[in-house]
Amino acid sequence: MLVALPLHDQRFRERKYDQTQLLAGELARATGREAPVGLLNRARETRRQVGLSEAERAQNVAGAFTAAPSVAGREFLLVDDVLTTGATVRAAAAALREAGASRVEVITLARAFSLA
């Protein structure tokens with residue numbers, strides 16, 4: 001089952017779309033999988049990660065996600081749009097695992113890194 005890395009409700013209201021959920025939905029259609037909304041939630045608003053160090057990113061998203069009890073015993077492919085340090089997907093995967101997911105793997109559209 002696919003699960004998108006969610007935006008916080010406030011950011012969704014500002015943008016009017018969730019690019020990661022759109023990606024997960026298209027991937028689900030292409031592969032015949034499900035990509036339900038609401039299994040993983042961003043429980044608190046986090047500041048944008050741009051310009052933060054790896055440690056600051058990890059601290060920013062620590063405890064930011066919650067997962068529904070219905071994830072217990074299921075395997076998930078966590079969909080993210082851009083992976084930089086991995087802090088956000090690690091925090092989201094931890095929430096899925098804490099709720100009982102048996103396996104969490106990650107797929108991302110792009111990998112960002114600095115050449116400096």
Side-chain angles (χ1 to χ4, degrees):
M1 180 173 294
L2 302 174
V3 64
L5 200 133
L7 290 175
H8 185 267
D9 288 343
Q10 178 61 34
R11 191 158 296 152
F12 179 79
R13 284 191 294 275
E14 290 168 5
R15 287 187 183 174
K16 309 277 192 260
Y17 69 95
D18 182 337
Q19 71 278 2
T20 308
Q21 185 62 51
L22 294 172
L23 285 169
E26 288 301 317
L27 185 57
R29 278 187 277 290
T31 61
R33 295 183 182 200
E34 296 178 38
V37 176
L39 294 179
L40 181 64
N41 293 295
R42 194 175 292 242
R44 66 175 174 81
E45 194 169 3
T46 56
R47 62 185 175 153
R48 295 185 53 88
Q49 301 274 69
V50 175
L52 299 181
S53 70
E54 187 169 349
E56 290 169 328
R57 286 170 180 254
Q59 183 178 12
N60 187 38
V61 295
F65 299 97
T66 59
S70 60
V71 306
R74 302 173 95 174
E75 295 183 359
F76 291 93
L77 183 58
L78 179 59
V79 180
D80 194 7
D81 57 347
V82 179
L83 182 83
T84 305
T85 65
T88 306
V89 293
R90 279 194 301 274
L96 288 166
R97 294 300 305 262
E98 287 170 13
S102 61
R103 183 179 179 132
V104 179
E105 294 188 1
V106 174
I107 188 169
T108 183
L109 178 66
R111 172 75 165 100
F113 60 93
S114 174
L115 296 175

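Every value quoted in this text rests on a predicted model; they were computed, and no experiment measured them.
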Engineer: Let me confirm one number: the CZ-CD distance from Arg29 to Glu34, rounded to the nearest 0.5 Å.
Structural biologist: 13.0 Å
Engineer: For Val61 and Arg44, which heavy atoms make the closest approach, and how far apart are they?
Structural biologist: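 Scanning both residues, the minimum pair turns out to be C-NH2, 3.9 Å.
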Engineer: Taking Glu54 for its side chain and Ala87 for its backbone only, find out whether a donor-acceptor pair lies under 3.5 Å.
Structural biologist: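 A pair under 3.5 Å: no.
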Engineer: Take atom CD in Gln59; do more than 12 heavy atoms of anything else shown fall under 6.0 Å from it?
Structural biologist: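 Counting neighbours around CD of Gln59, 12 or fewer heavy atoms of other residues, nucleotides or ligands fall under 6.0 Å, so no.
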Engineer: Can you name the closest pair of heavy atoms from Gly38 and Ala68 and give their distance?
Structural biologist: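 Closest heavy-atom pair between Gly38 and Ala68: O-CB, 4.2 Å.
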Engineer: Considering non-hydrogen atoms only, spot the tightest contact between Met1 and Pro36 and give its length.
Structural biologist: SD-CG, 3.6 Å
Engineer: Going hydrophobic residue to hydrophobic residue with side-chain gaps under 4.5 angstrom, can you get from Leu7 over to Leu5?
Structural biologist: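 Unlinked, Leu7 and Leu5 end up in two clusters.
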Engineer: Roughly how far, to the nearest 0.5 Å, is the CZ atom of Arg57 from the CG atom of Asn60?
Structural biologist: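 Reported to 0.5 Å precision, the distance equals 9.0 Å.
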Engineer: Do Leu40 and Leu78 have side chains that approach each other closer than 4.5 Å (heavy atoms only, starting at C-beta)?
Structural biologist: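 The answer is yes, as the side chains (C-beta and beyond) meet within the 4.5 Å cut-off.
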Engineer: Show the numbers, then the answer: is there a side-chain contact (heavy atoms from CB on, under 4.5 Å) between Val82 and Gln19?
Structural biologist: CA-CA 11 Å; Val82 179; Gln19 71 278 2; over 6 Å; no
Engineer: Between Asp18 and Thr20, is there a donor-acceptor pair closer than 3.5 Å when you use the side chain of the first and the backbone of the second?
Structural biologist: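 Yes; judged by distance alone, with no hydrogens or angles, the pair exists.
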Engineer: With ILVMFWY side chains joined below 4.5 Å, transitively, what does Ile107's cluster contain besides itself?
Structural biologist: Leu2, Leu23, Leu27, Leu77, Val79, Leu109
Engineer: Can you see which heavy atom on Ala67 is nearest to which on Ala99, and at what distance?
Structural biologist: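 Distance-wise, the nearest heavy atoms are CB-CB, 3.7 Å.
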Engineer: Are any side-chain N or O atoms of Arg90 and backbone N or O atoms of Thr85, one a donor and one an acceptor, separated by less than 3.5 Å?
Structural biologist: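 Side chain of Arg90 to backbone of Thr85, a donor-acceptor pair under 3.5 Å: yes, one is there.
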Engineer: Could you report the tightest heavy-atom contact between Thr108 and Asp81, atom names first, then the distance?
Structural biologist: OG1-O, 3.3 Å
Engineer: Taking salt bridge (Lys or Arg N to Asp or Glu O under 4.0 Å) as the definition, give me every residue that meets it alongside Arg103, ordered by chain and number, with sequence neighbours left out.
Structural biologist: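 Here the qualifying residues are Glu105.
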Engineer: I'd like to check Phe65 versus Leu96 (side-chain heavy atoms, cut-off strictly below 4.5 Å). Are they in contact?
Structural biologist: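 With C-beta onward as the side chain, the pair stays apart.
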